[in-house]
Amino acid sequence: MVPSRLIIVSLNLLLILISHAIAQQSLLYSCLNDEGNYTTNSTYKTNLNTLLSSLPSKINTNSAFYSSSNGQNPNKAYATGLCRGDVDTSVCRSCLNNSTNLLPQRCPNQKGAVGWYDECTLRYSSRSLHGIKRTDPAFAIWDTRNVSSDIDAFNNGVETLLEDLRTRAVEGDSLRKFAAGNADAPNNFETIYAVEQCSPDLSDVDCSDCLVDAIGRLTGSFKGKRAVRLAMPSCTVAYALDRFYDVSAESPPPPSYPPPPPIISTQPSTTNVTSDNNGNICFTVNFGQLSGPQYYT
Ligand SMILES: *[C@@H]1O[C@H](CO)[C@@H](O)[C@H](O)[C@H]1NC(C)=O
Ligand SMILES: *[C@@H]1O[C@H](CO)[C@@H](O)[C@H](O)[C@H]1NC(C)=O
Ligand SMILES: *[C@@H]1O[C@H](CO)[C@@H](O)[C@H](O)[C@H]1NC(C)=O
Ligand SMILES: *[C@@H]1O[C@H](CO)[C@@H](O)[C@H](O)[C@H]1NC(C)=O
Ligand SMILES: *[C@@H]1O[C@H](CO)[C@@H](O)[C@H](O)[C@H]1NC(C)=O
Ligand SMILES: *[C@@H]1O[C@H](CO)[C@@H](O)[C@H](O)[C@H]1NC(C)=O
């Protein structure tokens with residue numbers, strides 16, 4: 001097991017990476033200490049449990065986002081669940097089900113918490129979350145390998161793709177602010193695949209600001225890495241040299257859509273948690289290949 005500790009990586013920016021990371025669990029999470037604690041038999045806990053237990057079932061084919069609250073002040077609990085825009089409804093529900101079970105176990109005292117899997121983000125709080133941008137804490141997971149040649153050219157290619165996807169994600173609506181796309185890596189014969197997503201309750205401006213922040217940290221602190229995922233409460237950005245998302249999510253489906261073929265595998269990634277010589281926690285992500293198309297309906 002990796003020790004829990006706070007890590008600051010100082011390059012151009014201070015990036016608060018990790019407060020808790022536990023091997024064999026791919027849930028990244030942070031217990032938010034700025035809202036105070038609750039006790040075992042409190043009304044807040046009851047309200048939160050009720051809210052979280054129903055949350056996964058509220059995801060439907062129209063929206064991979066759900067935002068709700070339960071109870072009366074001062075014990076009212078708020079929660080949001082959001083799945084990556086290419087993930088289908090059953091995977092989304094399963095991902096949020098896992099999060100709603102695990103996150104309160106990982107944060108048994110704090111009223112507020114945020115947890116990320118590759119495919120979904122769960123947040124809860126004693127304060128309203130709806131439409132409020134939050135960029136802290138930021139977590140990063142990266143492949144520790146560098147690209148083989150010309151890191152500057154590669155980084156420019158990543159930046160150009162991420163800027164393009166930012167514009168497209170911001171153009172989304174109140175149910176979905178997500179963009180996926182790819183571009184040729186300028187330094188070699190590989191392709192860069194990327195996704196960006198905001199919590200869709202954010203305004204266009206807040207979504208854009210959140211993504212600008214995430215892209216800046218990502219390109220500033222992880223130059224030349226083969227894969228990076230940066231997660232913040234209100235938005236996420238990821239790229240890799242393997243296609244880690246469903247390619248059909250790259251553009252909207254045509255009006256009359258054929259029935260989707262069977263899904264063969266939708267669990268492409270595995271995470272390795274190790275420590276470097278300075279005791280910093282490093283996440284190695286193995287972005288595998290999706291073996292069958294998957295449709296977001
Ligand atoms: C809340 O609980 C956490 C974890 O048990 C503890 O570290 C922290 O001091 C508590 N905060 C308050 C305000 O009691
Ligand atoms: C919580 O409630 C249960 C059942 O009423 C009781 O047995 C337990 O002692 C209570 N725990 C606390 C911390 O008050
Ligand atoms: C949820 O957890 C189960 C059991 O650990 C696992 O098999 C499943 O893949 C998880 N779902 C997602 C979407 O991660
Ligand atoms: C949700 O997760 C719990 C605990 O991991 C599991 O027992 C339950 O079967 C899951 N429900 C669904 C619908 O996946
Ligand atoms: C990756 O590149 C960085 C910056 O050029 C260098 O400091 C680091 O040692 C390289 N890491 C590996 C694993 O090659
Ligand atoms: C994780 O690390 C171990 C030990 O270094 C290695 O054997 C294993 O292949 C790694 N797994 C992945 C998915 O990278």
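In each ligand, atom 1 is the first atom listed, and ligand 1 is the first ligand listed.
- Residue Asn98 holds the heavy atom nearest to atom 12 (C) of ligand 3 of all those in Asn98, Val91, Leu96.
- Salt-bridge check for Arg134 with Asp136: passed, with a basic side-chain N closer than 4.0 Å to an acidic carboxylate O.
- Of all protein heavy atoms, the one closest to atom 1 (C) of ligand 1 is Asn37 ND2, 1.5 Å.
- The backbone N or O of Ile59 lies less than 3.5 Å from no partner atom in the side chain of Ser63, so there is not a single donor-acceptor pair.
- At least one protein heavy atom sits closer than 4.0 Å to atom 14 (O) of ligand 4.
- When side chains are defined from C-beta on, Ser126 does not count as touching Tyr78, because their heavy atoms never get closer than 4.5 Å.
- Counting only heavy atoms from C-beta outward, the side chains of Ser99 and Tyr117 approach each other to under 4.5 Å.
- Salt bridge Asp173/Lys177: absent, no basic N to carboxylate O contact under 4.0 Å.
- Contact annotation for atom 9 (O) of ligand 1: protein absent (non-hydrogen atoms, distance under 4.0 Å).
- Under a 4.0 Å criterion applied to the non-hydrogen atoms of Cys95, ligand 3 contributes the atoms 13 (C).
- Side-chain contact between Asn37 and Lys111: absent, with no pair of heavy atoms (C-beta onward) separated by less than 4.5 Å.
- Distance from atom 2 (O) of ligand 4 to its nearest protein heavy atom, with residue and atom name: Asn97 ND2, 2.3 Å.
- Those atoms of ligand 1 that come under 4.0 Å of a heavy atom in Gln110, given as number and element, are 3 (C), 4 (C).
- For atom 5 (O) of ligand 4, the closest non-hydrogen atom of the protein is Asn101 ND2, 3.8 Å.
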- Task: Test side chain to side chain donor-acceptor pair (under 3.5 Å) on Gln110 and Tyr38 and set out the steps.
- Result: CA-CA 6 Å; Gln110 289 85 354; Tyr38 62 80; over 6 Å; no
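- Applying the 4.0 Å criterion to heavy atoms of Asn109 picks out, from ligand 1, the atoms 2 (O), 4 (C), 5 (O).
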